Amino acid sequence: MATPEQTEAAPAAANSEPASHEARYNPAEIEARWQERWAAQPDLYAAEPASSARPKYYVLEMLPYPSGQLHMGHVRNYAIGDALARYMWMQGHNVLHPMGWDAFGLPAENAALKNNTPPREWTLANIAAMKRQMNRIGLSYDWRNEITTCLPDYYRWNQWFFLRMFERGLAYRRKSKVNWCPQCATVLANEQVVNGCCWRHEDTLVEQRDLEQWFLRITNYAQELLDDLSKLEGWPEKVRTMQRNWIGRSEGARIDFELEDLESIPEEERSARRGGTAVLPAREGVKGGEVKITVFTTRIDTIYGATSLQLAPEHPLVKQMTVADPALDASVADLLEQQRRAREAGDVGAIQKHGVFTGHYAINPFNGERLPVWVANYILLDYGTGAIMSVPAHDERDYDFAQKYGLEIRVVILPRRTGEPADSGETESLLPFTDEDSLLINSGDFSTVGCHEAQRRMAAYAEEHGFGKATVTYRLKDWGISRQRYWGTPIPMLYCESCGIVPVPDSDLPVLLPDNVEITQQGGSPLGRIPEFVGAACPQCGGKARRETDTMDTFVDSSWYFYRYTDARNDRAPFDASTVAYWFPIDQYIGGVEHAILHLIYSRFWTRVMRDLGLVRNDEPVERLFTQGMVIRNGAKMSKSKGNVVSPDEMIARYGADSTRMYSLFAAPPDRDLDWQEDGVAGVSRFLGRVCRFAIKYAGRAKNGRAAGGDLSPASQALLRKLHQTIRKITEDFAGRWHFNTCIAAIMELVNTLTAAEPAINGGEVPDVVLTEILRSLTLLLAPFAPYLAFELWEQIGEQDNLLRSPWPEFDEALAREEQIEIPVQINGKLRSVIRLDADADEDTVRDAALADPRIAALIECKEVARIILVPRKLINIVVK
RNA sequence: GCCCGGAUGGCGAAAUCGGCAGACGCAGCGGACUUAAAAUCCGCAGCCUCGUAAGAGGCGUGGGGGUUCAAGUCCCCCUCCGGGCACCA
């Protein structure tokens, strides 16, 4: 059971006798003392200037939203980053390890509504509380460069960047369909829509609205963002794949289909035109009209198999058609209504395909055939051209649709087999057949050509004849950043009655976010209700102008914050270019995988914009990215609704910060999900207690300084061997796979070895110089994981220097080597005995020893030895018949 | 549907290059210390069978097959769990 008294009662006992070797490990007392001392040294974790002789290392954890409470996911994230930062300092690097606050955003407005606290006040109070928690955990942040994105000295640079983008045409305004979350009462970017719902309100369906919005032209960089993914070798493959899919490049072609000129259709054909299920043959005299439908396809090679065109319901041409045709108008309205209802029912994935024939036909430019034009709900307006050619035989979706409405299905490609196309009857069972390793049939001059070659030749043919072109399309859309909210960066734009859209001049920055805003639940931008804010003079003509009242998406703040960390108090520029050039790119970025596309793709975009503005030299912001696993409990992610939340404060009060953070590293490898078990924290705490008691017990003998050499007793050799094996293991892990769980296990093994050797240590078999090396190294090894205890022991064993700047112990390969090793002996692959030999024994010696082993000898007696497999230093396997 | 992870004792996990499966820790059991408890320390501990015992043998890394002297690890098929994408033409 919980024993809160333990932490209160214990300090007194420890204070009375702090150095007693029987003293109980008392984290509350040790940690309180060191916190006070660290607080008195504001430069303790300060990065050195670019002139530093040490090589630079920039380690960064994703900045938190200041909700007011750290959760275990934060603790884990920061424990990983902090261990690395401390290790890198000890490895002699100049480490930049900053922290800040992603402080704009909707929760502050919600809190304002609920508690009647102004967003600014609420946010700053939360920041103070969380900063206190971070310091309590003992994280090594350089607070001199702290940033708070909701303060003008930060967000003015958002505005400054926005103006630079506007000047270059990278920021633009247009009316468009946008995602609208009714809960947030604001617009969302595509990246913030999850399964048709809001990313913050999983049960709230996103609506489509037409609004004037500011966009950033991220699509200008689509190809570069895609190409450079292959260079990000320090990123998890998973994240790169997610970004690749998000950018969604596809190669294909645009083709124009002319709508048939109704005037030119001969009288006798009119009756055959109902239904729209059949393709009408090419016919002399039928002409294309003025109106064209442009489709995008990746499979131009199947164009002879097209049997209809399909338009998105929101396609502009559909509107033109419905104006003249009330019956069609009703059908399309019905289509949209069905769509809306299906989404409301929540089953977005299971929406059925529906469509309506428009009564029009369009001419296939390759063969003059006339294809019925339909409207279908499975066509997306904002991908490609919002229109497709439907090839039921060779596309799954078109096949479903054609089956449902009885449209023609025409086979125009067949598997490549003996070189000759197979019989078409045999292929029908394969439909829809989409394999591109195939040959064309029934495709005019292109018949018998392979698909890939046909794609090239047909696109070239289309371009030659002026009705099409090879094209690349991306799924990535421009980034809509306007939000109809109060708590964000004001967009620095003005609307002048005579000059139109006018940017705020740099000299007028920042456009301050006013404080006196009443937060209400009514829609529209809150800033629009403050006349003093809205009213302004036009900087160009001096006339009356109106301020933009939308604010920026908060992902703008986090797209470049890590640059500001290098020079956060700069009031003339977002940062100093040469300082950034020194620190960038970030050597190691650590955070949750949930930001794989949103934050991390925006950041890559922003860095390229800054590069093109001449502000930075790096193409990528982040060299290596690490995504840690979630903290779960009882098989589910910690959340209030599941009632399985463990508060860091409670853990720290009960077991101390060292135990809490060390457990978060010990319970699982950092990239895997971690199952929180409180008993495990208690176990780590017990272990730290053993370390503490052991070190303090022998601290007196460790004050004799350092020395080495001389003949070592077997006991000393054994202890040093274990020590150097541990140093090797942990050093290699920091450089490689970061399995801190096994690093901590290795330290536990070392301590187990040490306590088991106490009789030898006390019996004079281990000289003080050896004991000194052991205690020093043990403390250094512990420092990245349990800094409070490490600082305490460092002082107890008489060291004067700053532990964080003391060199990481070097491992000595000769000391780490085992002199004797155990070799398992197998017979037919089954373990039968183990022999002990000198580590450098040659093969014959090993073989002879194995065969001479009494157990082995007995087992192979009367049997024929067929083969002996000997793996040096590993194993010997005797194969008998 | 497609793409990634993952599945190992009662539990969290380890085994880094195909070579002693279960390191380290939790929970458990036995013992020491104590008037007693807490704390601490020592020992046992994958499962099954045989044996009073020391010990011996068998089975065992989600399931089935394969490669190999040897497979948690490699190959093929399947099940379950977690995550991402999902009418992207």
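This structure is a prediction, so every number in the text was calculated from the model and none was measured.
Across B/C20, B/A89, B/A86, the shortest atom-to-atom separation from the side chain of A/L831 is found for B/C20. Among the nucleotides B/C20, B/A89, B/G84, the one closest to any side-chain atom of A/S250 is B/A89. Ranking B/C20, B/A89, B/G12 by closeness to the A/A667 side chain, first place goes to B/G12. Among the nucleotides B/A89, B/A13, B/C85, the one closest to the side chain of A/R475 is B/C85. Looking at the side chain of A/Y378, the nearest of the listed nucleotides B/A15, B/C87, B/A13 is B/C87.
Residue A/Q455 contributes atom CD, which lies 12 Å from atom P of B/A89 at whole-angstrom precision. What separates CD of A/E732 from C1' of B/C17 is a distance of 14 Å, to the nearest Å. In this entry the distance linking CD of A/E678 with P of B/G12 reads 17 Å, nearest Å. The separation between A/R244 atom CZ and B/C85 atom C1' is 14 Å, rounded to whole Å. In this structure, the NZ atom of A/K353 is 11 Å from the C1' atom of B/A89, given to the nearest Å. What separates OH of A/Y399 from C1' of B/A89 is a distance of 18 Å, to the nearest Å. In this entry the distance linking CD of A/E436 with C1' of B/A89 reads 12 Å, nearest Å. With rounding to whole Å, A/M242 atom CE is found 13 Å from B/A86 atom C1'.
A salt bridge links A/E251 to A/R249: at least one charged side-chain nitrogen sits closer than 4.0 Å to a carboxylate oxygen. Taking the charged nitrogens against the carboxylate oxygens, A/D400 and A/K404 have no contact shorter than 4.0 Å, which rules out a salt bridge. Between A/R244 and A/E237, at least one side-chain nitrogen of the basic residue sits less than 4.0 Å from a carboxylate oxygen of the acidic one, meeting the salt-bridge criterion.
Annotated as syn: B/C17, whose O4'-C1'-N torsion sits within 90° of 0. Glycosidic conformation of B/G58 is anti; the angle lies outside 90° of 0.
A/N752 and A/R690 share a donor-acceptor pair across their side chains, judged by distance under 3.5 Å alone. Remark: the A/Y663 side chain and the A/Q677 side chain contain no N/O donor-acceptor pair separated by less than 3.5 Å.
Comparing B/G46 with B/A13, their C1' atoms sit 14 Å apart, to the nearest whole Å. Across the P atoms, B/G66 and B/U73 are found 15 Å apart, a figure rounded to whole Å. The C1' atoms of B/U79 and B/G25 are separated by 31 Å, rounded to the nearest whole Å. With both ends at atom C1', the span from B/G57 to B/G62 equals 27 Å, rounded to whole Å. Nucleotides B/G51 and B/G58 place their C1' atoms 15 Å apart, quoted to the nearest Å. B/C74 and B/C20 are spaced 15 Å apart, taking the P atom of each and rounding to whole Å. Comparing the P positions of B/C77 and B/G5 gives a spacing of 16 Å, expressed to the nearest Å. Comparing the P positions of B/C2 and B/U61 gives a spacing of 29 Å, expressed to the nearest Å.
In terms of the side-chain hydrogen bond (donor to acceptor under 3.5 Å, both in side chains) criterion, A/E732 has no residue partners (sequence neighbours excluded). Qualifying ring pair (Phe, Tyr, Trp, His ring centres under 6.0 Å) partners for A/F296, counting only residues two or more places apart in sequence or in other chains: none.
Atoms CD1 and CZ, from A/I876 and A/R832 in turn, are 15.5 Å apart once rounded to the nearest 0.5 Å. For the atom pair A/S308 OG and A/L407 CG, the distance stands at 5.0 Å (nearest 0.5 Å).
Note on ring orientation: taking the six-membered ring where Trp is involved, the planes of A/H595 and A/H599 are perpendicular (angle over 60°, cut-offs 30° and 60°). A perpendicular orientation is assigned to the rings of A/F433 and A/H394, their planes being inclined by more than 60° (bins at 30° and 60°).
For RNA chain B, runs of at least 3 consecutive pairs of the Watson-Crick or G-U wobble type, with both hydrogen-bonding distances under 3.5 angstrom, map to B:1-7 with B:79-85, B:10-12 with B:24-26, B:28-32 with B:40-44, B:46-50 with B:55-59, B:62-66 with B:74-78.
Across A/Q310, A/K353, A/H315, A/E314, a single residue satisfies side-chain contact (heavy atoms from CB on, under 4.5 Å) together with A/I379, and that is A/Q310.
Counting only distance, with no hydrogens or angles, the side chain of A/N377 and the backbone of A/Q352 share a donor-acceptor pair below 3.5 Å. Looking only at distances, no side-chain donor or acceptor of A/Q455 sits under 3.5 Å from a matching main-chain atom of A/R299.
Heavy atoms of A/R855 sit under 4.0 angstrom from primed sugar atoms or phosphate atoms, though from no base atom. At the heavy-atom level, A/K830 lies under 4.0 Å from the strands shown only through sugar-phosphate atoms. As judged by a 4.0 angstrom heavy-atom cut-off over every strand, A/K729 is placed among the base-contacting residues. Residue contacts shown for A/I379 include a base, since a base heavy atom lies under 4.0 Å away.
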Query raised in the report: Going through the distances and angles, do A/F666 and A/F785 end up as a ring pair (Phe, Tyr, Trp, His ring centres under 6.0 Å)?
Result: CA-CA 10 Å; A/F666 176 64; A/F785 310 114; over 10 Å; no
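Contact annotation: A/R254 side-chain N/O to B/A89 OP1/OP2 distance is not under 4.0 Å. At the phosphate of B/C20, neither OP1 nor OP2 sits under 4.0 Å from any side-chain N or O atom of A/R832.
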Got a list of protein N/O to nucleotides 2-8 of chain B N/O distances below 3.5 Å?
none

Using nucleotides 67-72 of chain B, report all nitrogen or oxygen pairs with the protein that are shorter than 3.5 Å.
from  : atom 1 : to     : atom 2 : distance (Å)
B/C69 : OP1    : A/R867 : NH1    : 3.3
B/C69 : O2'    : A/N877 : ND2    : 3.3
B/C69 : O2     : A/N877 : ND2    : 2.6

Using atom names, set out every protein N or O paired with an N or O of nucleotides 23-26 of chain B below 3.5 Å, distance rounded to 0.1 Å.
from  : atom 1 : to     : atom 2 : distance (Å)
B/A23 : O2'    : A/E749 : OE2    : 3.1
B/G25 : OP1    : A/N752 : ND2    : 3.3
B/C26 : OP1    : A/R686 : NE     : 3.1
B/C26 : OP1    : A/R686 : NH2    : 2.9

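The aromatic ring centres of A/F467 and A/F366 sit less than 6.0 Å apart. Aromatic ring centres of A/F401 and A/Y378: separated by under 6.0 Å.
Residue-to-nucleotide proximity on RNA chain B shows that, of A/M389 and A/L674, the 5′-proximal contact is made by A/L674.
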